[in-house]
Student: 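Right, I'll just put the structure down here and ask away after.
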Amino acid sequence: MPAAGSPEVDALAELVATACQVMAEQDLVEHVLGHISVRVAPEELLVRCRGPEEAGLAYTTADDIRRVDFDGTGDLGGWAAPNELPIHTEVLRRRPEATAVVHAHPPAVVAASLLDDPLRPIYGAYDIPAARLAAGGIPVWPRSALITSRDLAGSMADALGDRPVVLLRGHGLVSVAEGPPQQAVARAVQQAIEVNRLARMTLTLRAAGGTPAAISDEDLAALPDLGGPFVVDTMWRHLQRRLAC
Ligand SMILES: [Zn+2]
């Protein structure tokens, strides 16, 4: 695992800062709420914190990404760990393979989380990663509480199970990715984008009077796994380019 202050950790802090900007550019966060973390040691993480000049996710810099342990203590300087740090620490504690965690309050996801039967794989080839994600199940944690304790985070993590994304009813979502940290940060953000797009489409369909129904098992089974390099790397280049624009 990379040491504190190493080039590897500095690069990950830059990556998490960029990922926060992407979340804002993609309308996953409206203003100052939301955070991303990446594991840098078995019980340590880099996490987007709140600094003295806090101006929202769109303006996140690497300075806003601080290294803390699972108790929230660490190299904080004048920054404060997010109130909902337990979301990150409890998921990382329970899922040793997890390396990146995203928490956000996308409005469409919040609206969809209030439906009785929120998100189904209602489309296929339009967005294959989203279809596969939805087909595997997007659970809902039924509480709307601010997740500031291990108990609440544990209950949320129970609902998440081994899935990549859980909806938090009347609150937002948590997205989790495994594997090398660089790819995991990108993938966790992309999963949030996929779920946000699915939520928007579901709400649009319902507003038009339609009833969202899952596509057929036959069509789902025929959807290919596009593979990490295409889904993660190509999409991440796209998202970064959009930021530059
Ligand atoms: Zn929250």
Side-chain angles (χ1 to χ4, degrees), residues 1-6 8-21 23-24 28-105 141 143-161 164-166 168 171-178 181-182 184-185 188-189 191-192:
M1 288 290 180
S6 70
E8 251 179 301
V9 168
D10 290 348
L12 282 175
E14 290 283 356
L15 175 67
V16 172
T18 299
C20 289
Q21 295 168 19
M23 296 250 290
L28 292 177
V29 299
E30 292 182 291
H31 35 66
V32 300
L33 301 178
H35 18 83
I36 299 176
S37 68
V38 62
R39 190 197 298 266
V40 290
E43 297 200 353
E44 286 184 87
L45 56 152
L46 296 178
V47 62
R48 204 284 188 184
C49 291
R50 207 174 285 284
E53 302 293 328
E54 175 63 53
L57 276 279
Y59 307 102
T60 303
T61 71
D63 275 348
D64 298 321
I65 315 304
R66 316 302 293 189
R67 183 175 183 140
V68 297
D69 62 20
F70 282 3
D71 296 323
T73 55
D75 171 30
L76 281 166
W79 278 255
N83 289 331
E84 294 192 299
L85 182 69
I87 288 174
H88 302 264
T89 54
E90 200 57 23
V91 168
L92 294 175
R93 186 181 271 122
R94 289 177 176 222
R95 288 177 52 172
E97 303 305 316
T99 38
V101 179
V102 162
H103 173 52
H105 303 169
W141 187 53
R143 305 278 306 272
S144 298
L146 194 69
I147 303 174
T148 55
S149 71
R150 256 194 91 172
D151 278 354
L152 283 168
S155 171
M156 178 276 297
D158 284 344
L160 170 69
V165 177
V166 61
L168 315 178
H171 181 173
L173 61 75
V174 174
S175 172
V176 181
E178 301 178 347
Q182 291 83 356
V185 170
V189 170
Q191 287 166 180

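This one's a predicted model, so the numbers in the text were calculated from it and none came from an experiment. One-based numbering along the sequence shown.
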Student: Under the side-chain hydrogen bond (donor to acceptor under 3.5 Å, both in side chains) test, which residues partner Q182, sequence neighbours left out?
Tutor: none
Student: Could you list the donor-acceptor pairs under 3.5 angstrom formed between side-chain atoms of residues 13-21 and any protein atom two or more places apart in sequence or on another chain?
Tutor:
unit_1: T18; atom_1: OG1; unit_2: E14; atom_2: O; d: 3.1
unit_1: Q21; atom_1: NE2; unit_2: T60; atom_2: O; d: 2.8

Student: Could you tell me which residues satisfy salt bridge (charged side-chain N to carboxylate O under 4.0 Å, His left out) with D69, sequence neighbours excluded, listed by chain and number?
Tutor: none
Student: Go through the structure and list residues passing salt bridge (charged side-chain N to carboxylate O under 4.0 Å, His left out) with E84, not counting sequence neighbours.
Tutor: none
Student: Once side-chain hydrogen bond (donor to acceptor under 3.5 Å, both in side chains) is applied, do any residues pair with R93, and if so which ones, sequence neighbours excluded?
Tutor: E90
Student: If the condition is side-chain contact (heavy atoms from CB on, under 4.5 Å), which residues does A188 pass it with, not counting sequence neighbours?
Tutor: A100, V102, S175, A177
Student: Identify every side-chain donor-acceptor pair in residues 74-83 under 3.5 Å, counting partners at least two apart or on other chains, and give the distances.
Tutor:
unit_1: W79; atom_1: NE1; unit_2: D64; atom_2: OD1; d: 2.9

Student: Quick one: list whatever passes side-chain hydrogen bond (donor to acceptor under 3.5 Å, both in side chains) with T99, sequence neighbours left out.
Tutor: none
Student: I'd like to check the side-chain hydrogen bond (donor to acceptor under 3.5 Å, both in side chains) partners of E30; sequence neighbours left out, ordered by chain and number.
Tutor: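 Partners of E30 by the side-chain hydrogen bond (donor to acceptor under 3.5 Å, both in side chains) criterion come out as none, since no residue qualifies.
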Student: What residues form a side-chain contact (heavy atoms from CB on, under 4.5 Å) with A145, not counting sequence neighbours?
Tutor: R143, L152
Student: Holding to side-chain contact (heavy atoms from CB on, under 4.5 Å), I want the full list of residues that pass it with E97, two or more places apart in sequence or in another chain.
Tutor: E178
Student: Which residues satisfy the ring pair (Phe, Tyr, Trp, His ring centres under 6.0 Å) test with H103, sequence neighbours excluded?
Tutor: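 Partners of H103 by the ring pair (Phe, Tyr, Trp, His ring centres under 6.0 Å) criterion, ordered by chain and then number, come out as H35, H105, H171.
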